[in-house]
Number of protein chains: 2
Amino acid sequence: MKEGPDIAQIGALIGDPARANMLTALMGGKALTATELAAAGGITVQTASTHLAKLEAGQLLAQRKQGRHRYFTLADDAVGKLLENIMGFAAGRGHLRHQPGPKEPALRKARICYDHLAGDFGVRMLDSLVAKGAIDAIGDGLALTGKGESTLKCIGIDVGDLKASRRPLCRSCLDWSERRAHLAGSLGKALLLKFFDKGWARRTAGSRSVIFSPNGERQFLALFPIDA
Amino acid sequence: MKEGPDIAQIGALIGDPARANMLTALMGGKALTATELAAAGGITVQTASTHLAKLEAGQLLAQRKQGRHRYFTLADDAVGKLLENIMGFAAGRGHLRHQPGPKEPALRKARICYDHLAGDFGVRMLDSLVAKGAIDAIGDGLALTGKGESTLKCIGIDVGDLKASRRPLCRSCLDWSERRAHLAGSLGKALLLKFFDKGWARRTAGSRSVIFSPNGERQFLALFPIDA
DNA sequence: GGCATGCTTCGGTTACGGTCGAACTATGCA
DNA sequence: TGCATAGTTCGACCGTAACCGAAGCATGCC
């Protein structure tokens with residue numbers, strides 16, 4: 001009967017709409033305060049507080065006190081990956097939210113997946129990197145090639161630094177809107193940060209979507225071409 | 001606020017203990033009747049019936065009427081993969097069920113993960129195949145080599161047949177007990193079936209664990225050596 | 001037909017958990 | 001010190017959903 005790990009517990013944690021909305025908001029990668037998360041969940045702060053306590057007890061969230069604020073983030077990237085996994089699954093079943101909403105297209109185009117780029121642009125970037133031989137792909141697995149390492153140096157990313165971290169360099173992450181893989185891992189994170197640095201793109205206030213400037217978009221598309 | 005797919009819905013489906021137990025039981029790969037699943041969930045048939053209806057509506061389960069029985073299975077291997085994913089995550093957080101129970105060690109040694117072999121033996125098999133060059137591994141990705149194809153022919157598996165199916169041949173699946181990858185995909189399934197065929201192993205009645213015969217275990221270990 | 005088995009539907013109960021108002025604690029600022 | 005803001009805890013309320021007994025279908029067997 002009772003075999004293996006307790007999936008019901010974390011299912012229940014994710015299964016509440018308010019909590020799910022808060023977790024989704026945190027997929028944006030930014031640390032959010034309890035009040036912000038309450039808004040994201042559509043509930044009062046009191047209620048949010050109890051939810052956050054549960055999520056923290058379940059080790060889905062980590063919090064950092066800073067002055068009189070409490071900043072919450074996803075506990076680690078395993079949580080982000082799990083959530084994106086579930087999103088991909090839900091999207092595959094056609095269990096999209098029923099209101100497509102005005103933000104939906106922007107979200108599909110480019111958004112943050114915990115700490116890296118997802119959506120059409122994210123998928124395109126990985127495809128392009130694979131096509132030009134910068135990344136080797138076997139199934140779900142990704143590995144940076146020597147050629148890729150120099151390509152990235154041109155963009156201004158020193159792979160050596162990234163390799164020092166314990167976190168895997170390249171990781172594929174299933175994109176729920178495109179239903180294909182995009183690039184995660186420390187390299188995916190570094191690339192997204194670079195786009196922000198260069199002013200090509202910026203985050204949006206209360207959403208996971210990423211907005212490219214006209215110039216930034218041009219540069220991005222040129223840097224990551226898709227062979228027709 | 002409301003962005004992306006509805007993870008709360010499937011979270012809620014998995015979040016009920018009775019449903020989670022039934023799903024876990026179905027990870028054994030065998031189709032089970034409503035009555036059997038009721039026992040697995042520790043509830044009466046009436047209650048199970050409503051749960052099963054919900055799971056089916058959520059497209060986690062598929063059912064097949066056969067005479068006066070209703071056989072339920074996981075809807076597809078995406079469901080199995082998702083569940084094993086969540087199990088891996090839960091195990092990583094130390095959210096194991098609190099009663100280790102007598103079956104636990106057997107479960108860690110060898111068990112069925114939807115339709116392929118998992119546990120210590122499953123991980124060992126993949127490691128060995130990679131070590132002997134039968135499978136290429138990059139990160140999470142797996143690909144059968146030419147050498148691997150002939151290796152498998154010796155065991156009596158014709159890869160050509162498997163390639164005909166739309167399902168991927170090799171797929172890595174995170175093992176919650178070992179916290180490492182084992183082999184899924186149609187090849188993983190074929191191998192497990194071959195072990196049953198040869199009489200090396202058998203399923204157990206009400207559990208996911210797989211029991212190897214003394215002879216079968218010897219053969220298995222010889223076939224998939226680990227270089228010390 | 002008559003009966004047993006497998007499963008679903010109905011009705012009613014119960015309990016758990018989400019919710020918010022109000023009070024309380026803690027931090028910061030002036 | 002006093003006030004404002006951020007957050008938690010308490011208490012009470014309420015709704016949903018899990019649960020089971022009993023009845024109702026459906027299938028199979030004799």
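Labels below follow one simple rule: chain letters A, B, ... track the order of the sequence lines, proteins then strands, and each chain is numbered from 1.
Using the six-membered ring where Trp is involved, B/His182 and B/His116 have ring planes that are tilted, between 30° and 60° apart.
Between B/His51 atom NE2 and C/dC7 atom C1' the separation is 15 Å, expressed in whole Å. The CG-C1' distance, from A/Leu52 to C/dT19, rounds to 15 Å in whole Å. Here the C1' atom of nucleotide D/dA18 and the CE atom of B/Met22 are 11 Å apart, to the nearest Å. With rounding to whole Å, A/Lys54 atom NZ is found 12 Å from D/dT9 atom P.
OP1 or OP2 of C/dT8 lies within a sub-4.0 Å distance of a side-chain N or O belonging to B/Ser49. When the side-chain nitrogen and oxygen atoms of A/Thr44 are compared with OP1 and OP2 of C/dT19, none of them lie within a distance under 4.0 Å. Dashed line: the shortest gap from a side-chain N or O of A/Arg19 to OP1 or OP2 of C/dG18 is under 4.0 Å. Phosphate proximity of C/dG28 to A/His69: absent, as no side-chain N or O sits under 4.0 Å from OP1 or OP2.
Of the residues near DNA chain C, B/Ala53 and A/Lys65, the one whose nearest nucleotide (by heavy atom distance) lies more toward the 5' end is B/Ala53.
Between the side chain of A/Gln46 and the base of D/dG7 there is no donor-acceptor pair of N/O atoms closer than 3.5 Å.
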Could you give me the CA-CA distance, side-chain angles and deciding distance for B/Val79 and A/Phe89, then say whether side-chain contact (heavy atoms from CB on, under 4.5 Å) is met?
-> CA-CA 8 Å; B/Val79 180; A/Phe89 182 86; 3.7 Å; yes
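To the nearest 0.5 Å, atoms CG (B/Leu223) and CZ (B/Arg218) are separated by 14.0 Å.
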